[in-house]
Amino acid sequence: MTQRPDSPLKKRFSFAGIALIILAGGGWFVTRLPSSPFDGAAPQATPDLIARGEYVARQADCVACHSLEDGAPFAGGLEMGTPLGSIFATNITPDPQTGIGTYTLADFDRALRHGVTPDRRRLYPAMPYPSYEKMSDDDISALYAFFMNDVTPVQQAAAQSDIPWPLNIRWPLALWNVVFTTGQTYQTDPDQSEQWNRGAYLVEGAGHCGSCHTPRGMAMNEQGLDSSDPDFLSGALLDGWFAPSLRGDGAAGIGRWSEDDLFAFLSQGRNDHAVVFGSMTEAFNNSLQFMTDDDLRAISVYLKSLPGQGPGWQAQPATVTSLVEAAQSGLPGAETYMANCAACHGRDGLGQNEWIPALAGATSSQGTEPASQINVTLNGSGRVVADGMPDSYRMPPYRDRLNDTQIAEVLQFVRSSWGNTGTPVDTDAVADLRMRTDPASVAPIVLQMR
Amino acid sequence: MQLNINGQTHEVDADADTPLLWVLRDNLGMTGTKFGCGLAQCGACSVLVDGQVTRSCVTTVDMLEGTEITTIEAIEQDDVGARVVEKWVEHQVPQCGYCQSGQVMAATALLKEVAQPTEEDVRAAMINLCRCGTYNYIKAAIDDLSGRKGEPL
């Protein structure tokens with residue numbers, strides 16, 4: 001028997017054929033509409049369902065990105081900087097031309113949980129669909145009922161992204177989704193309590209806490225989307241703030257906080273250890289405080305179950321306790337602290353109960369990333385509104401009162417006093433954040449998470 | 001709640017998170033201590049708590065049980081405070097006067113801590129704001145109290 005080799009021409013055709021099939025299959029895959037359990041389903045809109053949807057919108061904090069400070073709720077417009085260029089949050093009011101008025105329940109589901117629009121475009125994962133995919137069918141249909149029936153339609157077209165071609169091609173995100181999402185709703189862990197599972201559902205799903213608190217990898221993917229991953233909620237730097245670890249880390253996490261402390265922080269915005277500041281102020285003002293005590297308790301139970309690393313903070317007595325001592329000791333930053341900070345935060349750095357946060361032992365006083373402390377010293381803290389009441393005491397901005405060296409030195413003093421173990425603060429880092437948090441500068445930070 | 005103010009015990013009916021300044025001015029009618037910025041920045045509301053100068057506008061009363069509070073009303077009952085007031089008059093320090101009760105508290109606290117503060121100590125401790133700009137007079141009075149005779153103003 002003789003084996004006749006394929007002619008070169010035939011071989012070339014078969015390669016082309018396989019390539020064509022792969023291309024066609026791939027093309028179908030990256031532009032397909034994923035299936036939704038709501039395909040062909042008729043949406044419901046009972047008052048109970050709408051009310052529940054409003055609550056889900058609070059949990060998911062949709063206004064954080066889909067509203068501007070003085071704009072209509074959910075009308076979009078927030079600019080977000082990405083390494084590729086700016087994108088803009090879309091209008092998610094039920095306006096038929098510029099909003100989501102023509103979306104079916106299945107379309108809405110696909111956008112929310114799979115990041116795909118009805119015209120088959122892939123959303124950027126700035127929309128936290130890798131977290132939202134864990135939301136239950138019931139919560140999705142409630143949310144749809146709320147947006148379609150209880151949100152005022154606003155005609156306002158979203159601004160176009162300025163990401164240049166070819167980086168603005170969206171279909172590769174379908175492949176991103178294959179690698180970085182699971183495509184599954186939240187799976188109950190039978191070894192954990194019902195309360196823990198509720199907390200996990202809220203934190204990993206609608207709450208999308210990891211969007212800020214989980215470090216991101218090379219492809220802007222969150223390194224860990226659930227409690228099984230030690231990187232999940234382990235702290236991340238974004239927009240000039242360091243969102244600290246929510247794990248049980250001794251010094252840099254919430255290991256020192258009790259479950260009650262955590263519950264107080266989530267429900268009142270403050271406890272004996274800390275007061276919300278930076279981007280968390282808006283998360284508290286718009287989202288957390290509207291959640292039920294049961295849900296916040298469940299979140300507290302869940303977060304306290306996340307193991308951490310490292311020893312806890314050990315209190316040490318103050319080396320300087322008066323202005324005169326500070327002036328005489330010559331310790332850099334000590335005099336600035338006594339003159340500007342000690343009146344509220346205390347000579348012992350312990351603050352004043354839950355009203356003014358302690359700096360001794362504070363999460364932000366530890367670790368290697370001082371961005372939050374620099375930022376809050378330069379720009380002060382935002383208004384915390386709990387139960388409709390604005391807070392009495394607020395960190396004032398020191399932008400015009402202290403220069404870069406003074407701020408670096410005073411933070412260095414804070415980060416090395418009373419047992420704190422934070423790394424030194426570089427004057428250049430202060431100068432950089434001063435420039436980037438000044439809206440009039442040439443390179444302001446674009447995204448202010450709200 | 002009981003507060004010890006100027007050697008007298010006052011029964012105070014106030015929420016735990018009420019600032020001492022409101023209790024002094026509104027509940028007890030002691031209006032010598034002034035409201036300035038409300039942010040612990042300007043020093044107009046300064047009082048002494050166990051001898052340490054303290055901003056009463058951000059100090060909640062629940063932290064003060066068991067402490068001795070001194071306000072401007074009783075500052076002349078203190079030997080150092082009396083000398084400060086005497087020199088304040090001699091050097092004609094105040095202009096409008098609004099910040100001066102706080103300035104006197106700060107100066108008294110400083111001199112109680114160090115009898116003869118250096119110029120650097122004075123600069124470090126006298127950080128209260130004065131919109132009339134009486135700083136040079138304040139410095140002259142404290143220099144006098146510290147045994148330094150400066151240039152007469």
Side-chain angles (χ1 to χ4, degrees), chain A residues 264 268-272 275 318 320-348 350-358 377 380-381 383-384 386-387 389-402 406 410 413, chain B residues 14-23 35-65 67 102 105-129 142 146:
Chain A
Q268 296 301 312
R270 54 184 71 244
N271 62 20
D272 282 348
V275 178
V320 175
T321 57
S322 76
L323 261 168
V324 171
E325 264 179 33
Q328 289 167 348
S329 75
L331 189 60
E335 192 178 315
T336 307
Y337 181 85
M338 289 298 153
N340 293 278
C341 317
C344 292
H345 292 288
R347 296 165 190 90
D348 49 12
L350 291 177
Q352 304 212 18
N353 301 347
E354 72 268 44
W355 304 107
I356 292 166
T377 307
S381 61
R383 174 167 286 172
V384 182
D387 302 326
M389 285 281 285
D391 53 353
S392 319
Y393 310 120
R394 204 168 309 144
M395 173 78 178
Y398 282 85
R399 173 180 288 276
D400 298 329
R401 290 183 60 175
L402 300 176
Q406 286 172 312
V410 77
F413 172 78
Chain B
D15 291 341
D17 60 329
T18 311
L20 172 64
L21 181 62
W22 303 137
V23 169
F35 173 79
C37 66
L39 282 169
Q41 300 285 288
C42 74
C45 67
S46 298
V47 299
L48 301 186
V49 174
D50 292 337
Q52 288 271 22
V53 66
T54 300
R55 305 284 192 258
S56 65
C57 71
V58 295
T59 306
T60 53
V61 285
D62 61 340
M63 305 195 65
L64 298 169
E65 277 186 291
T67 62
M105 301 313 281
T108 305
L110 169 66
L111 291 161
K112 285 167 86 76
E113 194 179 336
V114 254
Q116 292 190 313
T118 64
E119 289 199 4
E120 195 176 326
D121 293 340
V122 176
R123 262 201 300 277
M126 297 305 292
I127 54 170
N128 295 16
L129 301 182
I142 299 180
S146 315

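Computed from a prediction, not measured in an experiment: that's the story for all the values here. Within every chain, numbering begins at 1; the chains are lettered A, B, ... in the order of the sequence lines, protein sequences first and strands thereafter. The figures that follow rest on heavy atoms only: side chains count, while hydrogens, waters and symmetry mates do not.
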B:Thr18 meets the side chain to side chain contact (heavy atoms under 4.5 Å, CB included) criterion, sequence neighbours left out, with B:Ala14, B:Asp15, B:Trp22, B:Val23, B:Val61

Correct closest heavy-atom pair for B:Val114 and A:Gln328 would be CG1-NE2, 4.4 Å

Could you look at A:Gln352 and say if it's the side chain, the backbone, both or neither that has a heavy atom under 4.5 Å from chain B? both

Considering only heavy atoms, which portion of [X] lies under 4.5 Å from any heavy atom of chain A: side chain, backbone, both, or neither?
| X | result |
| --- | --- |
| B:Pro117 | neither |
| B:Cys57 | backbone |
| B:Ile127 | side chain |

Residue by residue, which of residues 119-126 of chain B have a heavy atom closer than 4.5 Å to a heavy atom belonging to chain A? B:Glu120, B:Asp121, B:Ala124, B:Ala125

Option among B:Thr59, B:Thr60, B:Val58 that satisfies the side chain to side chain contact (heavy atoms under 4.5 Å, CB included) test with A:Trp355: B:Thr60

Partner chain A: residue of B:Asp17, B:Leu39, B:Thr54 with the largest heavy-atom pair count (under 4.5 Å): B:Asp17

Between B:Met63, B:Gln41, B:Glu113, who has the most heavy-atom pairs with chain A when the cutoff is under 4.5 Å? B:Gln41

Is it true that atom CZ of A:Arg401 has more than 12 heavy atoms of other residues, nucleotides or ligands lying nearer than 6.0 Å? yes

